[in-house]
Number of protein chains: 2
Amino acid sequence: MELKQNIKIAVDAIVFGYADNKLNVLLIKQKFGELKNQWALVGGFVKDNETLIDAVNRELQEETGIKVNYLEQLFTFGDNVNRDPRFRVVSVAYFALVNSTKLVLQADSDAEDAKWFSINELPKLAFDHKEILKTAQRRLQSKLSYQPIGFDLLPKEFLFSELENLYCTILERKIDRRNFRKKILSFGIVEETEKFGNKIKGRPAKLYRFNKQKYNKLVKDGFLFEINFA
Amino acid sequence: MELKQNIKIAVDAIVFGYADNKLNVLLIKQKFGELKNQWALVGGFVKDNETLIDAVNRELQEETGIKVNYLEQLFTFGDNVNRDPRFRVVSVAYFALVNSTKLVLQADSDAEDAKWFSINELPKLAFDHKEILKTAQRRLQSKLSYQPIGFDLLPKEFLFSELENLYCTILERKIDRRNFRKKILSFGIVEETEKFGNKIKGRPAKLYRFNKQKYNKLVKDGFLFEINFA
DNA sequence: GCAAAAGTGTTAGACCTACACCCATGG
DNA sequence: CCATGGGTGTAGGTCTAACACTTTTGC
């Protein structure tokens with residue numbers, strides 16, 4: 001069976017960050033090609049001897065120097081045959097979360113610039129990256145309700161109000177503060193620390209920590225994380 | 001940017017069927033290649049001007065002549081660089097459901113033979129197809145609880161006991177008959193017909209029908225299908 | 001003492017779970 | 001009349017949803 005196939009495989013990463021009550025996405029400005037100066041998702045072509053995951057991590061490293069907290073395969077975009085004007089590309093998109101948008105971004109060799117954009121103030125994007133981003137946002141919204149991935153968007157120690165705001169912001173709706181806290185604490189996977197956050201106004205707030213070990217142990221015994229509010 | 005990439009893209013389909021209280025998978029026996037006579041998932045290489053979905057449908061047509069009820073992208077397997085002994089292949093796996101395993105299978109040009117196998121009595125599979133199948137089975141199990149995909153495995157009109165058995169079989173646990181029926185009927189998306197199934201023993205059982213239009217309408221208003229039993 | 005955000009309980013209703021008997025038919 | 005599978009209701013407990021005031025701090 002002779003096989004003449006001329007399709008290229010790329011990976012793209014949708015990197016979400018959370019800061020100042022906003023959900024942000026990491027984009028890079030392209031340095032080369034017809035699409036020079038357009039904003040795009042982090043990504044690039046897969047090397048012959050490289051796994052898909054390795055390719056994503058390499059691109060993240062090369063283009064932004066960032067280290068993500070959570071990474072999972074999102075979807076493979078390959079139904080638009082003319083997606084890339086240069087040649088046919090099938091792109092395996094990955095979904096990533098990092099804690100704190102404040103980390104230093106280093107625009108490295110392949111990207112002219114790397115920057116965080118609020119999900120509500122996106123620039124024009126290259127290729128079909130807008131569609132990919134929408135898919136990622138929906139995945140984030142749905143996963144937030146049944147997996148403890150919100151913690152991957154926060155620093156190790158966080159205020160309860162930050163967690164609460166994160167849920168409100170990403171799910172785009174209001175949540176009852178008391179019920180939310182009760183539910184989260186009832187799981188026993190979020191622990192109070194001795195420390196306090198440095199807020200300027202109002203009563204000082206305790207810092208909390210997500211206990212991942214405990215979560216994993218509970219999961220083995222059939223525990224299901226679930227947050228659903230009216 | 002010169003690009004020398006030598007990776008091929010394939011699609012594979014995991015086709016589930018349900019008959020005689022058993023969950024079945026459609027496999028084909030390979031006609032050519034080093035893996036001749038091994039059983040494998042339906043699948044093949046993507047053509048240059050063909051979308052991924054079109055490629056899956058074409059392979060399904062060519063290899064089995066089957067028409068599926070439900071088709072969605074499952075996962076892209078590309079982290080095992082030596083997956084296929086011939087050359088590096090990245091495979092986009094699709095997840096498909098058909099109603100009634102009794103439909104006629106025609107082993108066509110590319111496959112020596114196409115056959116249904118019970119998920120519990122699988123032969124040795126080619127490549128990493130066993131792993132793909134496991135992933136598909138987990139997806140089926142989890143989707144069954146929050147999307148009405150069980151109906152895609154049944155004929156248009158079905159007995160309540162068939163639906164019930166389908167859930168028990170796929171989820172591999174017992175379900176309370178009364179609670180199950182109550183829950184399903186409470187959604188208002190399954191309707192009683194005037195007809196009766198032709199059972200041999202016992203009291204005649206009414207046939208029911210899934211009303212997809214109604215389901216879609218309800219979903220727009222925020223309805224969530226969910227079946228969770230202890 | 002006032003503004004700002006943190007922290008905290010209760011109650012009514014909805015939903016889930018567990019459970020067993022009668023019904024309609026064919027042989 | 002008996003064997004077989006179909007069809008049905010209720011009560012107790014659990015979980016959810018709705019709701020507002022007090023506390024601690026900085027200014």
Side-chain angles (χ1 to χ4, degrees), chain A residues 19-21 144-146 154-155 157-169 171 173-209 218 221-230, chain B residues 19-21 144-146 154-155 157-169 171 173-209 218 221-230:
Chain A
D20 305 321
N21 293 346
L144 205 57
S145 298
Y146 65 90
L154 292 174
E157 304 193 327
F158 53 86
L159 305 175
F160 230 101
S161 57
E162 291 176 322
L163 185 62
E164 204 185 294
N165 277 323
L166 185 149
Y167 271 82
C168 294
T169 304
L171 298 179
R173 62 189 164 96
K174 287 194 180 136
I175 288 174
D176 181 283
R177 278 173 58 221
R178 279 174 289 188
N179 291 339
F180 180 76
R181 171 186 278 257
K182 227 180 304 172
K183 183 71 169 270
I184 295 279
L185 290 177
S186 75
F187 294 151
I189 56 178
V190 171
E191 296 159 352
E192 199 174 303
T193 69
E194 304 300 309
K195 293 176 235 166
F196 287 81
N198 42 1
K199 280 272 166 176
I200 314 165
K201 292 178 188 172
R203 175 172 170 177
K206 284 180 202 138
L207 286 167
Y208 291 79
R209 198 190 307 112
L218 286 171
D221 296 341
F223 167 73
L224 283 182
F225 179 91
E226 198 173 25
I227 305 279
N228 280 318
F229 290 112
Chain B
D20 305 321
N21 292 345
L144 205 57
S145 299
Y146 66 92
L154 292 174
E157 303 191 328
F158 53 87
L159 306 175
F160 230 101
S161 57
E162 291 177 321
L163 186 62
E164 205 185 294
N165 278 323
L166 186 149
Y167 271 81
C168 293
T169 305
L171 299 179
R173 62 189 163 94
K174 287 191 180 138
I175 287 175
D176 182 282
R177 278 171 59 219
R178 279 174 289 190
N179 292 339
F180 180 76
R181 171 185 277 257
K182 228 180 305 172
K183 183 71 169 271
I184 294 279
L185 290 176
S186 76
F187 295 152
I189 56 179
V190 171
E191 296 160 351
E192 201 174 301
T193 68
E194 304 300 309
K195 294 174 234 165
F196 288 82
N198 42 359
K199 280 273 166 176
I200 315 166
K201 293 177 186 173
R203 174 173 171 176
K206 284 180 201 137
L207 286 166
Y208 291 80
R209 198 191 306 113
L218 285 171
D221 296 341
F223 167 73
L224 283 181
F225 179 91
E226 198 173 25
I227 305 279
N228 281 317
F229 290 112

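Sequence lines set the chain letters: A, B, ... in the order given, protein chains first and strands last, and positions in each chain run from 1. The figures that follow rest on heavy atoms only: side chains count, while hydrogens, waters and symmetry mates do not.
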Check: Counting only distance, no hydrogens or angles, is the base of D:dG7 paired donor-acceptor with the side chain of B:R177 under 3.5 Å?
Finding: yes
Next item on the list: Can you tell me the distance, in whole Å, between the CD atom of B:E162 and the C1' atom of D:dG6?
Entry: 13 Å
Next item on the list: Only counting residues at least two apart or in another chain, list the ones meeting ring pair (Phe, Tyr, Trp, His ring centres under 6.0 Å) with B:F187.
Entry: B:F223, B:F225
Item checked: Residues in ring pair (Phe, Tyr, Trp, His ring centres under 6.0 Å) contact with A:F196, at least two apart in sequence or another chain -> none
Notebook entry, point to check: To the nearest 0.5 Å, what is the distance between SG (A:C168) and CZ (A:R173)?
Noted result: 8.5 Å
Note to self: Counting C-beta onward and ignoring hydrogens, is there a side-chain heavy-atom pair between A:L144 and A:L166 closer than 4.5 Å?
What the structure shows: yes
Note to self: The test is side chain to side chain contact (heavy atoms under 4.5 Å, CB included); show your working for A:L159 and A:L154 and say whether it passes.
What the structure shows: CA-CA 9 Å; A:L159 305 175; A:L154 292 174; over 6 Å; no
Check: So among A:R181, A:K182, A:R177, which one has a side chain to side chain contact (heavy atoms under 4.5 Å, CB included) with A:N179?
Finding: A:K182
Pick out the pairs of N or O atoms, protein on one side and nucleotides 25-27 of chain C on the other, that lie under 3.5 Å.
none

Checklist line | Most 5' of A:D176 and B:L159 on DNA chain D, judged by nearest nucleotide | finding: B:L159
Checklist line | Given D:dG7, D:dA17, C:dC19, the nucleotide with the shortest approach to the side chain of B:K206 | finding: D:dG7
Check: What pairs with B:E191 under side chain to side chain donor-acceptor pair (under 3.5 Å), at least two apart in sequence or on another chain?
Finding: B:R209, B:N211
Margin query: Expressed as a whole number of angstroms, how long is the span from A:N179:CG to D:dC15:C1'?
Written below: 11 Å
Margin query: So, OP1 or OP2 of D:dG7: does either fall under 4.0 Å of a side-chain N or O from B:R178?
Written below: no
Next item on the list: Look at B:S161 and D:dG5 and indicate whether a side-chain polar atom (N or O) is within less than 4.0 Å of OP1 or OP2.
Entry: no
Notebook entry, point to check: Over how many whole Å does the gap from B:L207 atom CG to D:dG7 atom C1' extend?
Noted result: 15 Å
Next item on the list: Round to the nearest Å and state the distance from A:K174 atom NZ to D:dC19 atom C1'.
Entry: 15 Å
Check: Any sub-3.5 Å donor-acceptor pair from B:K183's side-chain atoms to B:N228's backbone N or O?
Finding: no
Item checked: Residues in ring pair (Phe, Tyr, Trp, His ring centres under 6.0 Å) contact with A:Y167, at least two apart in sequence or another chain -> A:F180
Checklist line | Contact list for DNA chain D against residues 182-197 of chain A - heavy-atom distance below 4.0 Å | finding: A:K182, A:K183
Checklist line | Integer-rounded Å distance: C:dA18 C1' and B:R181 CZ | finding: 18 Å
Checklist line | B:N228 CG - C:dA18 P separation (whole Å) | finding: 13 Å
Notebook entry, point to check: To the nearest Å, how far apart are A:F180 CZ and C:dT8 P?
Noted result: 15 Å
Notebook entry, point to check: What integer distance in Å separates A:R173:CZ from D:dA17:P?
Noted result: 9 Å
